[in-house]
Every structure is written in C-alpha cells, then in structure tokens.
Amino acid sequence: MAEETKSLNFIEQIIEEDLKGNYTKEVLKFRFPPEPNGYLHIGHASSINLNFGLGKRYNAPVNLRFDDTNPAKEEQEYVDAIKKDVEWLGFTWSKECYASDYFQQLYDWAIALIKNGDAYVDSQTSEEIAAQKGTPTKPGEESPFRNRSVEENLALFEAMKNGETNEGEHVLRAKIDMTAGNMLMRDPIMYRTLHKPHHRTGNTWKIYPMYDWAHGESDFIEQISHSFCTLEFLPHRELYNWFLKKIEKPGDFLPKQREFARRNFSHTVVSKRKLAKLVQEGIVTGWDDPRMPTISGLRRRGYTPASIRNFATSIGIAKRENVVDLSHLEFCVREDLNKIAPRVMGVIDPLKIVITNYEEEEEWLTAENNPEDEHAGSRQVPFSKELYIEREDFKEEANRKFFRLKLGKEVRLKNAYIIKAESVIKDAEGNILEVHCTYDKDTKSGSGTEASQRKVKGTLHWVSIKHAIPAEIRLYDRLFSVESPDADKEKDYLEFINPNSLEVITGYVEPSLQEAKVLDKFQFQRIGYFCIDKDTSAKKLVFNKTVGLRDSWGKKN
RNA sequence: UGGCCUAUGGUGUAACUGGCAACACGUCUGAUUUUGGUUCAGAAGAGUCUAGGUUCGAGCCCUAGUAGGCCAACCA
C-alpha cells in the first residue's frame, strides 16, 4: 500500500501537532453541532464532511449534537430533517446529543459561578444593556446591578428559573470586564427568561442558556477534543475558554475551539434565514425544492451522497474568504452519475419523423444499459414507423459541423438504423410538422453486417411514438442570476432571483421507464442526468433534471 | 477612529522546520467514440496584494501600507 502523501489541511495539521504534543489518539473526539432551526445545506455538508471525515481518519467518535438553546426558533421537524440528511450523506454519529440534555448541569454550574462572584443578575432592559455595552472603540460601563450580593443574585436567579419573573425583566450575566477590547467579554449574557415550551424539555425550563454559555460546556460534558466552527466565532474563543476555566477542576481535559472559513457558493445563498424566506415567500416550493442548495433539495434534484462528499473534500478547508463555483459541484455529480446511471432515451422537445419505407408493425431492439459498467446489461426498446427525435436535431440545411439530421443526409438512430431525411411537411406558417425519412434495413445496430458498420457522423436518440410514455420534465437553472446575490449592500438578494429557474415541459420517454421508482437516476442520452421526482404517481411520471451532460457543441452555438 | 482574521492562475485548494509555484474545476486543441457524453493526449493561463527588510536564497520570516472579512442580538 502506498503511503498517503496528500498534504494536510490546516485543521488536520492542528490535530497532528496536538498528537505530537500531549494528546493521545484515544482522546480525539469531534462533533457536528447544528441548531435545529432550518434545513442543512451544502455549506453544512462541508462541515459534516470535515468532522465526520476526521472521525474516520483518526478512528475517533463524532457526536451529532443539536444546539437547541432557543425554543423560539427550534422545532422537532428540523431535528428529524437534519438526522435524515446526515445519515443520507453516509455518516454515522457516535451519540445523538442535545444541549437541552445539559440544562440542569448548566444551571448547577451557573449557581456555582454566582456563588464565586463570577455572575450576577442584571435587571435592566435590553436597550439599557446595549447602551452600556460601548462600541469596539469605546469601553462599556458597568451595570448598576453588577455588585449585587450573592444572596440577592441567587434569589433572583431562582425566581427567574421558577418562572416568577417576566421575559426581559432579568438576565444572568457573567462578570468579566466591561472595558475589554473584545466586546464579547463585556459581561456577556448567560441566561434569559423565555416562557416558551421547548421541543424536548417542554415547560420544565423558564430560563434558557445563551450559545456561549452552552456550547463550550456541552463540548466539555461530551469530552470533545476539538470543536470546529466557522470564523465568525473566532472572537468567541476567548469567552469559550473563560467559561471552561470557571468550571474546570484539576485533571480535567478541556476541549479547544478552532475556526475555519465558511464556504460560499456561486449563484445561491446559504444562510438559513435567507433560505427560509425563499420558502416562506413561496419563491420555491419548500426546503427540498430541487433548486435549493439544501441537502434535501440536492437529494431531490438527483445528487448522490458520494458526489456531495467528494465535492466537500475537493474544495477543502481554509481560512480565507471564498466563493466556490457551482460548476465544481456539477462536475462531481456528473463524475458519479456517469459511472452508475443507466442510459435511457427520452425526447424533450419532440419532432415527429416517419420512416416511409418501414414495413413492420414494430420490433424490439437491444440497447446497452451503461457502457461504463459492463455488468449493467442491456434492455429492449421498441422501434416503429413513427418516431420522435429532438427538434434541435434536425435542420433542412446546415453546415458540415452540424452532425445531425439534414435533408438528403444520413444519421444513425442510436441502437437502431441509419436513416436519411427525404422531405419535410410544414404547416401554413412554415413550421415543420414532420420529417419523412427512409431507413436502410441492413444497418441495424449490432447486426454485424457490413452495412451496419458504416460510419455516419451523427447519432441521435429517439423514441417510438406509439410506445413512448409522456412525462412531466422539470428543467432547472440557477436560482439566482448573479454570482453573489447577497454581496450587494444596496440591493436585497431577492432582486437577483432568476425568473427562469424552473421550466416544466412534457417529454416522451422509452417504456422501460414505466417501472422507475422515486429517486431512481438515469442518463437521458445526449441530454443529461434525470431522476424521478416524488410527485410521480401511477398516472404520471415526473422527472427532475439533475444536470446536463457536458456539452462542447451546444455552448458554441 | 480600536482589535482580530485573511490575501497564491478565472474559481477552490497545495507547496514538509525558507531552496526558482503544484493539483482539481473551468477554458482551448487533437485522438477515440453508435451519447458532440466518457476516455486518452496536449495547451494556454499566476511569478504568490504593494513597498521595504532579514537571508547565499522568501509565497513562506520581519516591518509598514493596501484591500476584503469579523466584532456593539435577552440569535447560533
């Protein structure tokens, strides 16, 4: 086995350094900590891949932890969706955890902090607290309640906990330093009162911990060794460590937080708030709309777990700002689908052709299922006198670079015969209604005859009209018409919505597709990859276009 | 106006403790092909934000700039 010489990203380097230091392999443990207030998106996939990838690399456990400290925004629906998505991506968590499981422990620690004079109850309004906070360049002022006695703090905190106080009346604050350069160290709020039921703890709690108080301590409880998060949390690190020091006992192993840059993607947004708005405003049909950059959207669109994992791995991880081009994601699906998707024929924009010299009623021809997979076998496809081909595959006349059907010229029908276009039938406006062709019956595919070996430049896909199944086909384009829809400070990102991101048409597909199941993936030869949408019923097949085939001809024309 | 983070081809990442910039996507050629797909062969494209400095030698170290990002939610 060749030794892996691939270079390490900076996160892996941190771990390697720790391993050279006083960390043992056994102590390594990671976590993926989503807040259940929305669906996972492609950016999360990057983080999931990082954490679970490290777990795999170092054979270390990875917990799935729901950061559910805000009952106002969080719901069980999101918990379920997140679990489904992580599983679907192919990862297995060691433990399913919830910050809410630690509410009691957190509360007990908070009492200890109060007793040590490290926390106090502030009874000002949020406006007053904000006003005293200062600015990055101006130090803050201390709250008049900052030096309450321990007894008074304990009594007030108890009242908050028991729901005897109103929302907004009191908060528990850490007593740190109102003049700190780091704004987060200016007596951050640890608890607020919220008379709202929690999706897991119900009405047990009337106070809920803030992120900074809950996150590091949750990492500690679970004995996470490395807590990776995005760069905007870098200033939180000081506070993360401060809280940990307050609860630390001799011999304790403390987790460490390190930060990486979040991934941005071209022609879309990855902010749960902005994605939620697209759903709420009805701009898309739901979190799993195939145009959404959510995991569930990509799944419905026809993306495979492997393609998303490969994508996440190949864009890597670093600390600088970035905008990853969606064409990279598209490359990753094509790469995967090319190996596994059965080839079929479907016509998206039909043009009728009649084989005038075809005498048979019908015949069934053999078609290879996947030239990339020798075990994929073959199937039978029906051929008859009247067929549909793609409208753009015929021109009455065209230059020699047009390798398709033109009057008086020949072309190969995939898996069938070589045909020649003889004449066109048009309506009064000059629109082409049908093309009359003749076929050479000695050119049948796979027949081995000399005529069948003839080289003709073009090969077209087709379906037999009387056998074809009409199907709804949904064609997608990027959701936003500009590369970075949320980069403009003047304009709202919704102004950049691409009005043509969805086109629904009726196409015709070969009869073998009748049996296809939801999420089955196919390559419509010469067009692209498609998968069966969940809206499919016994009466109607619905396909989503995942991505087009690479097209070195189409884009020049 | 403060502090912190970042800066490498069009895009995303590499370059072990300093040794004349690599990989992938994208782009463009050509070959093969019963998918203008795949595969194969090849090409163009950066001299590493700028200016100094240290050094025999700097993308890596130092200094000063410049640009972008983050920080003043009872959100995470």
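Order of the sequence lines fixes the chain letters, A, B, ..., with proteins taken first and strands second; residue numbering starts at 1 for each chain.
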Scan A:Tyr529 against the nucleic acid and name what it touches under 4.0 Å (heavy atoms): base, sugar-phosphate only, or nothing. nothing
From B:U35, B:A76, B:U13, nucleotide with atom closest to A:Leu549 side chain: B:U35
Between C1' of B:C74 and NZ of A:Lys73, the distance in whole Å: 12 Å
From the list B:G36, B:G26, B:A24, which nucleotide is the closest neighbour of the side chain of A:His328? B:A24
Out of B:G36, B:C4, B:C71, minimum distance to the side chain of A:Met183 belongs to B:C71
Starting at the 5' end of RNA chain B and moving along, which residue's nearest nucleotide shows up first, A:Ala130 or A:Val324? A:Val324
Determine whether the aromatic ring centres of residues A:Phe331 and A:Phe311 are separated by less than 6.0 angstrom. no
Could you tell me the separation between the CG atom of A:Asn9 and the C1' atom of B:A22, rounded to a whole number of Å? 17 Å
Do you see a donor-acceptor pair shorter than 3.5 Å between the side chains of A:Ser445 and A:Arg412? yes
Using a 6.0 Å cut-off, check whether atom NZ of A:Lys256 has over 12 heavy atoms from anything other than its own residue. yes
Hey, does A:Ile315 reach any base, or is it just sugar-phosphate, or nothing, if we go heavy atoms under 4.0 Å? sugar-phosphate
For a quick test of reading the model: is some side-chain N or O of A:Thr193 closer than 4.0 Å to OP1 or OP2 of B:C74? no
Counting only side-chain N and O atoms of A:Arg412, is one of them less than 4.0 Å from OP1 or OP2 of B:U35? no
Take atom C1' in B:U32 and the same atom in B:C40, then report the distance between them in whole Å. 8 Å
B:U66 versus B:U29 - spacing of their P atoms, nearest Å: 44 Å
Respond yes when some side-chain nitrogen or oxygen of A:Lys489 is under 4.0 Å from OP1 or OP2 of B:G69, and no when none is. yes
With a 3.5 Å cut-off and no angle check, do the side chains of A:Thr193 and A:Asn166 form a donor-acceptor pair? no
Could you work out which one of B:C75, B:C71, B:C5 sits closest to the side chain of A:Leu231? B:C5
How would you label the contact of A:Pro371 with the nucleic acid (heavy atoms, under 4.0 Å): base, sugar-phosphate, or nothing? base
The side chain of A:Lys457 is closest to which nucleotide in this list: B:C25, B:A76, B:U33? B:U33
Is there a Watson-Crick or G-U wobble partner for B:U33 with both distances under 3.5 Å, and which nucleotide is it? none
Would you please confirm or rule out a distance under 4.0 Å between OP1 or OP2 of B:C5 and any side-chain N or O of A:Arg320? no
Between B:G45 and B:A21, how far apart are the two C1' atoms, rounded to whole Å? 14 Å
With a non-hydrogen cut-off below 4.0 angstrom, is A:Tyr191 in contact with a base, only sugar-phosphate, or nothing? nothing
For B:G18, give its Watson-Crick or G-U wobble partner with both distances under 3.5 Å, or none. none
Separation of B:U11 P from A:Asn322 CG (nearest whole Å): 12 Å
Ignoring the backbone of A:Glu232, work out which of B:G2, B:A14, B:C70 is nearest its side chain. B:C70
Considering every strand shown, what is the Watson-Crick or G-U wobble mate of B:A64 when both distances are under 3.5 Å? B:U50
Syn if the chi torsion is within 90° of 0, anti otherwise; quick check, which is B:G59? anti
A:Arg334 side chain near B:U38 phosphate (N/O to OP1/OP2, under 4.0 Å): no
Sole candidate of A:Val269, A:Val270, A:Leu298 that passes side chain to side chain contact (heavy atoms under 4.5 Å, CB included) when paired with A:His41: A:Val270
Pairwise C1' distance, B:A46 and B:G26 [rounded to whole Å]: 15 Å
Expressed in whole Å, how much space separates the P atoms belonging to B:C62 and B:U55? 16 Å
Paired with B:A72 by Watson-Crick or G-U wobble geometry, both distances under 3.5 Å: which nucleotide is it? none
Please determine whether the number of non-hydrogen atoms from other residues, nucleotides or ligands lying under 6.0 Å from atom NZ of A:Lys521 exceeds 12. yes
Start at the 5' end of RNA chain B and walk down; is the nucleotide closest to A:Ala318 or to A:Ile527 reached first? A:Ala318
To the nearest Å, give me how far apart OH (A:Tyr78) and C1' (B:C75) are. 15 Å
Short side-chain donor-acceptor distance under 3.5 Å, A:Asp68 and A:Ser100: yes
Rounded to the nearest angstrom, tell me the gap between atom CD1 in A:Ile82 and atom C1' in B:A76. 12 Å
Taking only side-chain N and O atoms of A:Lys455, does any of them lie within less than 4.0 angstrom of OP1 or OP2 on B:U34? yes
I want to verify a distance call: between B:A76, B:C74, B:G36, whose nearest atom is closest to the A:Trp553 side chain? B:G36
A:Lys441 atom NZ: more than 12 heavy-atom contacts under 6.0 Å: no
Could you please name the option among B:C4, B:A76, B:U35 that lies closest to any side-chain atom of A:Leu234? B:C4
For residues A:Arg148 and A:Ser123, is any side-chain donor paired with an opposing acceptor at under 3.5 Å? yes
Kindly point out which of B:A76, B:A72, B:U35 is positioned nearest to the side chain of A:Gln523? B:U35
Taking only side-chain N and O atoms of A:Thr69, does any of them lie within less than 4.0 angstrom of OP1 or OP2 on B:C75? no
For B:U11, which nucleotide in any strand shown is its Watson-Crick or wobble partner with both distances under 3.5 Å? B:A24
If you compare all heavy atoms of A:Leu54 against all heavy atoms of A:Glu12, which two are closest, and at what distance to 0.1 Å? CD2-CG, 3.9 Å
Pairwise C1' distance for B:U8 and B:U13, with rounding to whole Å: 10 Å
B:A15 phosphate, OP1 or OP2: any side-chain N/O from A:Gln13 under 4.0 angstrom? yes
Distance, C1' atom - from B:U54 to B:C61, rounded to whole angstrom: 8 Å
What about A:Glu372: does its side chain form a donor-acceptor pair under 3.5 Å with the base of B:G37? yes
Are A:Lys319 and B:U6 close enough that a side-chain N or O sits under 4.0 Å from OP1 or OP2? yes
Check this for me: does the side-chain of A:Ser445 come within 3.5 Å of the base of B:U34 through a donor and an acceptor? yes
Are A:Arg550 and B:U39 close enough that a side-chain N or O sits under 4.0 Å from OP1 or OP2? no
To the nearest angstrom, how far is A:Arg309 atom CZ from B:A24 atom P? 22 Å
Rounded distance (Å) that lies between atom C1' of B:A73 and atom CG of A:Leu194: 13 Å
When we call it a touch if two heavy atoms are under 4.0 Å apart, what does A:Asp212 touch: a base, just sugar-phosphate, or nothing? nothing
To the nearest Å, give me how far apart CD (A:Glu390) and P (B:U35) are. 17 Å
Should B:A58 form a Watson-Crick or G-U wobble pair with both distances under 3.5 Å, which nucleotide is its partner? none
